[in-house]
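Heavy-atom basis, side chains included; hydrogens, waters and symmetry copies ignored. As the structure is a computational prediction, the values presented were derived from the model and not from experiment.
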Amino acid sequence: MSAIADNLQAVQARISNAAAAVGRSPESVRLLAVSKTWPLSCVVDAAEAGQRAFGENYVQEGIDKIASISGRNLEWHFIGPLQSNKTKPVAEHFDWVHSIDRLRVAERLSAQRPTYLPPLQVCVQVNVSGEATKSGCPPDATLELCRAVAALPGLQLRGLMAIPEPVDDVQAQRLPFRHLRQLSERIQAAGLPLDTLSMGMSHDLEAAVAEGATIVRIGTAIFGERNYA
């Protein structure tokens, strides 16, 4: 068994334990393997270990991997910041986009999604920590953006995504995730049937699962520390 396969088992165990601790079914949390910057061989190792959903942050890198590993019935999620001039290849090749933070991007994805493909599954990214350097829609503007996105053809609004400011204390980790869940509940009460909370990474997945995450985005705990040099 490869190291990646071992790591996947360990992460799934963390998810199961975190879910059990709050009375949730482990099957209610999907594992998204964040393969950005990792070579195709790592994706192949993970796929051979049973992993099906992969997340990419960079458009061209993701498209190259998708083209190189077609035929394995994998699901590809774009999770990075998306510029308006790069929406077309994302609309044509990915299954999900987690990082919609303004209507212009959603409109372009809608117009550019090929009609022969199923609707692009999308999440609105929320800047729950209020960080000036982070992408994301302000919480008080999220309902309006969600309504506009939900009305676009070729897209299916699934839920909300967030990347909170990293902290070490578990209770402090839980707070922004709780805010995102509560925001999702308010949007659902306003009539939009959201079913996805994309939140939690390698260092804080337990806190995210405790607050209702349905997708956790895990890179380091599966593939190792990244070298950006």
Scan the side chains in residues 40-52 for donor-acceptor partners under 3.5 Å anywhere in the protein, sequence neighbours excluded, and list what turns up.
from: Q51; atom 1: NE2; to: L31; atom 2: O; distance (Å): 2.8
from: Q51; atom 1: NE2; to: A53; atom 2: O; distance (Å): 2.8
from: R52; atom 1: NH1; to: A47; atom 2: O; distance (Å): 3.1

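- Residues that satisfy the side-chain contact (heavy atoms from CB on, under 4.5 Å) test with R24, not counting sequence neighbours, are A19, V22, S28, V29, V209, T214.
- Here the CG atom belonging to L197 is positioned 9.5 Å from the CD1 atom belonging to I215, to the nearest 0.5 angstrom.
- Nearest heavy atoms, F177 versus P164: CE2-CG, 3.4 Å.
- At least one donor-acceptor pair under 3.5 Å links the side chain of Q121 to the backbone N or O of P119.
- The two residues S135 and Q125 come nearest to each other via the heavy atoms O-NE2, 3.4 Å.
- Residues L160 and V128 have side chains not in contact (no heavy-atom distance under 4.5 Å, counting atoms from C-beta outward).
- Here ring pair (Phe, Tyr, Trp, His ring centres under 6.0 Å) pairs that include residues 84-123, with residues two or more places apart or in two chains, are H77-W96, H77-H98, F78-F94, W96-H98.
- Tracing side-chain contacts under 4.5 Å through hydrophobic residues (I, L, V, M, F, W, Y), one never reaches L32 starting from L74; they form parts of separate clusters.
- Grouped with L175 in a hydrophobic cluster is no other residue, since no side-chain heavy-atom contact under 4.5 Å to another Ile, Leu, Val, Met, Phe, Trp or Tyr is found.
- By the 4.5 Å heavy-atom criterion applied to side chains, V59 and L82 are counted as neighbours.
- Remark: R102 pairs with S84, V105 by the side-chain contact (heavy atoms from CB on, under 4.5 Å) rule, at least two apart or across chains.
- Residue N85 places its CG atom among more than 12 non-hydrogen atoms of other residues, nucleotides or ligands, all under 6.0 Å distant.
- The shortest heavy-atom contact between V11 and A221 is CG2-CB, 3.7 Å.
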Side chain to side chain contact (heavy atoms under 4.5 Å, CB included) between L109 and I100, intermediate numbers included | CA-CA 10 Å; L109 289 169; I100 291 177; 3.9 Å; yes
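- Here the CG-CD distance, from L180 to E185, works out to 10.0 Å after rounding to the nearest 0.5 Å.
- Side-chain N or O atoms of S110 include none that pairs as donor or acceptor with a backbone N or O of L155 at under 3.5 Å.
- For Q112 and T87, the side-chain atoms include at least one donor-acceptor pair closer than 3.5 Å.
- Here F223 contributes atom CZ and L8 contributes atom CG; the two are 7.0 Å apart, rounded to the nearest 0.5 Å.
- Between the CG atom of N57 and the CD1 atom of I79 there is a distance of 4.5 Å, given to the nearest 0.5 Å.
- Across all non-hydrogen atoms, the minimal contact from G200 to I218 is O-CD1, 4.3 Å.
- Among residue pairs with one or both ends in residues 106-117, none qualify as salt bridge (Lys or Arg N to Asp or Glu O under 4.0 Å); sequence neighbours excluded.
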Go through R30 and T196 one step at a time and tell me if the side chain to side chain contact (heavy atoms under 4.5 Å, CB included) criterion holds.
-> CA-CA 10 Å; R30 296 186 64 201; T196 298; over 6 Å; no
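- When the side-chain hydrogen bond (donor to acceptor under 3.5 Å, both in side chains) test is applied to E92, the partners found at least two apart in sequence or on another chain are K88.
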Using a 3.5 Å cut-off and no angle test, enumerate the donor-acceptor pairs between side-chain atoms of residues 65-72 and protein atoms at least two apart in sequence or in another chain.
from: K65; atom 1: NZ; to: S35; atom 2: O; distance (Å): 2.6
from: K65; atom 1: NZ; to: W38; atom 2: O; distance (Å): 2.7
from: K65; atom 1: NZ; to: E56; atom 2: OE2; distance (Å): 2.9
from: K65; atom 1: NZ; to: E61; atom 2: OE2; distance (Å): 2.8
from: S68; atom 1: OG; to: D64; atom 2: O; distance (Å): 2.8

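- Results of the side-chain hydrogen bond (donor to acceptor under 3.5 Å, both in side chains) test with S184 over Q182, R186, R181, Q188 single out Q188 as the only residue that passes.
- Partners of A172 according to the side-chain contact (heavy atoms from CB on, under 4.5 Å) rule, which considers only residues two or more places apart in sequence or in another chain, are V167, D169.
- Scored by the side-chain hydrogen bond (donor to acceptor under 3.5 Å, both in side chains) test, E27 finds S25 as partners (sequence neighbours excluded).
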Output a table of donor-acceptor pairs, distance under 3.5 Å, between side-chain atoms of residues 142-153 and any protein atom two or more places apart or on a different chain; print 'none' if there are none.
from: T142; atom 1: OG1; to: P138; atom 2: O; distance (Å): 3.0
from: T142; atom 1: OG1; to: P139; atom 2: O; distance (Å): 3.3

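- Remark: the backbone N or O of S198 is paired with a side-chain donor or acceptor of R217 at under 3.5 angstrom.
- Within the structure, salt bridge (Lys or Arg N to Asp or Glu O under 4.0 Å) pairs that include any residue of residues 191-210 comprise R14-E206, R158-D195 (at least two apart or interchain).
- One hydrophobic cluster, built from ILVMFWY side chains closer than 4.5 Å, holds both V90 and L103.
- T220 places no side-chain N or O within donor-acceptor distance of the main-chain N or O of S202, the cut-off being under 3.5 Å.
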